[in-house]
Amino acid sequence: MVENPESSKTEVAAIDPEGENYGLLAARAAGLLAAGELVALPTETVYGLAADALNQEAVAQVFAVKERPTFDPLIVHVRHEAQLREVAEVPPEVEEALVLLLSEFWPGPLTFLLPKKPIIPDLVTAGLPTVAVRAPSHPVMRRVLKELGRPIAAPSANRFGRISPTSAPHVLEELGGRLPLILDAGACSHGLESTIIQLEPGPKTKPLARILRAGPVTPEDLKRFCKVELPRKRSGSGEAALAPGQLASHYAPRTPLRLVETPEEFQPEPGKRYGLLSYKGDPKAGLLDKTDWALVSELSPTVGKLAEAAVRFFFVLRQLDAAGLDEIIAEPIVEKGLGVAMMDRLRRASLNH
Ligand code: TXA
Ligand code: MG
């Protein structure tokens, strides 16, 4: 891990929902948020950099701390449907589909894009008429939401464009010294950011869920309840930021990363240090014997389980990034279930270079 000299200004407090200090620490985090400060909090997806969503100055701090351009809007976290309705309008034509999806997937890693209510500062939504809302399932985040009694704006707790943090040490590495407190509840159980959807009335009254960002709630999960439009595949660097929330290049390690769709595409250059991001370390994927790899990191060693790969995904990217490589070569992942979300992240990570 890269030592951050500033990180000593940030306290990392271990928190355990079964532990004695649970209520006290959650109340302390909520107190800081109520006072306009920022706190990094665990969610089931990735760690978030939290601020009181109704406090414009606190939200402005989030952009400053992350070095995030203010045209990139934040997700608002709520406890339940009633709080969603305080921050967003639910158009009558999507009401039924929304309630159905909420009962299936909330609390959990599904974010809805809905028309915003005026209570949400424009800075949160980057001036857009819509707000992204989700109810996280992580007990620590839920407890802080309850103590605060207000919605929480929280992007992933990384510097802009970088790899999302799935543990407290990753947050410290990214933002150490820039905030007073990180609540450390261990590794995140999903490991990939929430699925973002926009609901629309679909053909023949069947609602349509347009996936804006692939995530832990997969297209297959959603197809049980509505029609699904898949996220656009991102390839080729001509596609810059088309609209807020659609930034093409993202989730990038500092080391150049190349997604190699077929083994023939990779012609190693002599003298270069290459690292391989492999799905399960299978020689049949065709890359293992192509060069003398400086490091091979597997997402789901030997077994090849998508859920395990998702949980380890950002951790493995960080591990490769820290290895002093000239280039990271990534094997493709089957584009089914959670594989859709991971391939989306790999395509975006490889656009930077
Ligand atoms: O799992 C998650 O969603 C995590 C945890 C912390 O909850 N949060 C997260 O936030 O990933 P962030 O800010 O890193 O990513 C939010 C994405 C961005 O790509 C942003 O542009 C998009 O959501 N977004 C937010 N509000 C939007 C809006 N009104 N319209 C379009 N895109 C929006
Ligand atoms: Mg992010």
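Counting starts at 1 for both ligands and their atoms, following the listed order. All residue numbers in this chain count up from 1 along the given sequence.
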Engineer: Do Thr130 and ligand 1 have an N or O pair less than 3.5 Å apart?
Structural biologist: yes
Engineer: Show which atoms of ligand 1 fall inside a sub-4.0 Å distance from at least one heavy-atom site of Ala154.
Structural biologist: 6 (C), 8 (N), 10 (O)
Engineer: Hey, what's the ring geometry for Phe266 with Trp293, parallel, tilted or perpendicular (30° and 60° as the breaks)?
Structural biologist: parallel
Engineer: Which one holds for Leu74 and ligand 1: side chain close, backbone close, both close, or neither close, with close meaning a heavy atom under 4.0 Å?
Structural biologist: backbone
Engineer: So, Asp321 and Arg162, do they make that salt bridge, N to O below 4.0 Å?
Structural biologist: yes
Engineer: Does the pair Glu193/Arg345 count as a salt bridge with the N-to-O cut at 4.0 Å?
Structural biologist: yes
Engineer: Below a 4.0 angstrom heavy-atom separation, can you tell me which part of Ser194, side chain or backbone, both or neither, approaches ligand 1?
Structural biologist: both
Engineer: Does Lys116 approach ligand 1 within less than 4.0 angstrom via side chain, backbone, both or neither, non-hydrogen atoms only?
Structural biologist: neither
Engineer: Walk me through whether Thr166 and Arg318 qualify under side-chain hydrogen bond (donor to acceptor under 3.5 Å, both in side chains).
Structural biologist: CA-CA 10 Å; Thr166 51; Arg318 267 175 201 277; over 6 Å; no
Engineer: Report the member of Val62, Val46, Leu128 with the shortest heavy-atom distance to atom 30 (N) of ligand 1.
Structural biologist: Leu128
Engineer: Ligand 1 versus Thr125, non-hydrogen atoms closer than 4.0 Å: side chain, backbone, both, neither?
Structural biologist: neither
Engineer: For ring pair (Phe, Tyr, Trp, His ring centres under 6.0 Å), just list the numbers for Phe225 and Phe105, CA-CA rounded to whole Å, side-chain angles, deciding distance to a tenth of an Å, and then say yes or no.
Structural biologist: CA-CA 11 Å; Phe225 307 98; Phe105 297 107; 5.7 Å; yes
Engineer: For ligand 1, find out whether one of its N or O atoms is nearer than 3.5 Å to an N or O atom of Arg213.
Structural biologist: yes
Engineer: Would you call Pro136 a ligand 1 contact, heavy-atom distance under 4.0 Å?
Structural biologist: no
Engineer: If you count the atoms of ligand 1 from 1 in the order shown, which ones are under 4.0 Å from a heavy atom of Ile196?
Structural biologist: 17 (C), 23 (O)
Engineer: If the cut-off is 4.0 Å to any non-hydrogen atom of Asp72, which atoms of ligand 1 fall inside it?
Structural biologist: 18 (C), 20 (C), 21 (O)
Engineer: Is it true that His77 lies under 4.0 Å from ligand 1, counting heavy atoms only?
Structural biologist: yes
Engineer: Does the shortest distance from the Mg ion (ligand 2) to an N/O/S atom of Ser156 fall below 2.8 Å?
Structural biologist: yes
Engineer: Counting only nitrogen or oxygen atoms and a 3.5 angstrom limit, does Thr45 reach ligand 1?
Structural biologist: yes
Engineer: Does the side chain of Arg312 come under 3.5 Å of the side chain of Ser297 through a donor N or O and an acceptor N or O?
Structural biologist: no
Engineer: Out of curiosity, is Arg68 lining ligand 1, as in a heavy atom under 4.0 Å away?
Structural biologist: yes
Engineer: Of all the atoms in ligand 1, which lie at a distance below 4.0 Å from a heavy atom belonging to Gly48?
Structural biologist: 6 (C)
Engineer: Ligand 1 and Lys66, any nitrogen or oxygen pair closer than 3.5 angstrom?
Structural biologist: no
Engineer: Consider only side-chain N and O atoms of Thr45 and Arg134, and report whether a donor and an acceptor are under 3.5 Å apart.
Structural biologist: yes
Engineer: List the steps and the verdict of side-chain hydrogen bond (donor to acceptor under 3.5 Å, both in side chains) for Ser189 and Glu44.
Structural biologist: CA-CA 5 Å; Ser189 59; Glu44 71 279 24; over 6 Å; no
Engineer: Between Arg150 and Asp52, does at least one N-O distance fall below 4.0 Å, as a salt bridge requires?
Structural biologist: yes
Engineer: Are Leu199 and Leu98 close enough that some pair of their side-chain heavy atoms sits under 4.5 Å apart?
Structural biologist: yes
Engineer: Any carboxylate oxygen within less than 4.0 angstrom of a Lys/Arg side-chain nitrogen, looking at Lys336 and Glu220?
Structural biologist: no
Engineer: Looking only at non-hydrogen atoms, which of Leu113, Ile120, Ile75 approaches atom 28 (C) of ligand 1 most closely?
Structural biologist: Leu113
